[in-house]
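The structure appears right after this line, and notes come after that.
Treat the numbers as computed from the prediction; the structure is a model and nothing was measured.
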Amino acid sequence: QVQVVESGGGLVQAGGSLRLSCAASGRTFTARAWFRQAPGKEREFVVAITLPGGNTFYADSVKGRFTISRDNAKNTVDLQMNTLKPDDTAVYYCAARSIGYSTTYSPQSTSAYDYWGQGTQVTVSS
């Protein structure tokens, strides 16, 4: 059974930091990603990392502020978020891709991932 579980959300003041963690199990994954969804908005791409190689892809809105890292042995992926802004407020979702390397991978597309966590709330106050 595949499980994808996020942790680490919370409330922080603007300019502060938070670290999210995502644990995934039950399959061999070829990529992991974080997406977010604010109230009334569509789910948007934040960052992705290929496995096990570690190639990363960042949304322009978070470049230089957010960093994704992975521990292949533990099947965990962390998202370090610095210099947070009120616009970063959203539910953050961890996504996992088990589709093989022979299939074209579009990291920013939700359809590239076949497993999702339930989400964790991040609220940044001004």
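Listed here is the closest heavy atom pair of L18 and G10: CD1-O, 3.9 Å. Taking each heavy atom of Q118 and E6 in turn, the nearest pair found is N-OE1, 3.2 Å. The shortest heavy-atom contact between Q121 and A90 is NE2-O, 3.4 Å. Scanning all heavy atoms of the two residues, the minimum distance from T89 to A38 falls at O-CB, 3.7 Å. Of all heavy-atom pairs spanning A112 and R97, the tightest one is O-NH1, 2.9 Å.
At least one side-chain heavy atom of I99 sits under 4.5 Å from a side-chain heavy atom of D114. The closest side-chain heavy-atom distance from T120 to L20 is below 4.5 Å. For the pair S69 and Q80, the minimum side-chain heavy-atom distance is 4.5 Å or more. When side chains are defined from C-beta on, M81 does not count as touching S17, because their heavy atoms never get closer than 4.5 Å.
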Counting only pairs under 3.5 Å, give me each side-chain donor-acceptor contact of residues 46-62, with atom names and distances, residues two or more places apart or in other chains.
| from | atom 1 | to | atom 2 | distance (Å) |
| --- | --- | --- | --- | --- |
| T50 | OG1 | N55 | N | 3.0 |
| Y58 | OH | I68 | N | 2.9 |
| D60 | OD1 | K63 | NZ | 3.2 |

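Separation of atoms OG1 (T110) and CD (E44) is listed at 12.0 Å; rounding is to 0.5 Å. Taken from CG in N82 to CZ in R65, the straight-line distance is 9.0 Å, to the nearest 0.5 Å. For the atom pair CD (Q13) and OG1 (T123), the distance works out to 13.0 Å, reported to the nearest 0.5 Å.
Not a single donor-acceptor pair under 3.5 Å links the side chain of S106 to the backbone N or O of Q108.
For the 3.5 Å distance criterion, the side chains of N75 and S25 fail to qualify, holding no donor opposite an acceptor. Between Y115 and R27, the side chains place a donor N or O and an acceptor N or O closer than 3.5 Å (distance only, hydrogens not considered).
When each of V122, V91, D88 is paired with R36, the side-chain contact (heavy atoms from CB on, under 4.5 Å) condition holds for D88 and for no other.
Sorted by first and then second residue, the pairs that involve residues 13-44 and meet ring pair (Phe, Tyr, Trp, His ring centres under 6.0 Å), not counting sequence neighbours, are F35-F45, F35-Y113, F35-W116.
Remark: K41 pairs with no residue by the salt bridge (charged side-chain N to carboxylate O under 4.0 Å, His left out) rule, at least two apart or across chains.
Note on R70 versus D78: no salt bridge recorded, every NZ/NE/NH1/NH2 to OD/OE distance being 4.0 Å or above.
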Go through V12 and S125 one step at a time and tell me if the side-chain contact (heavy atoms from CB on, under 4.5 Å) criterion holds.
-> CA-CA 6 Å; V12 65; S125 63; over 6 Å; no

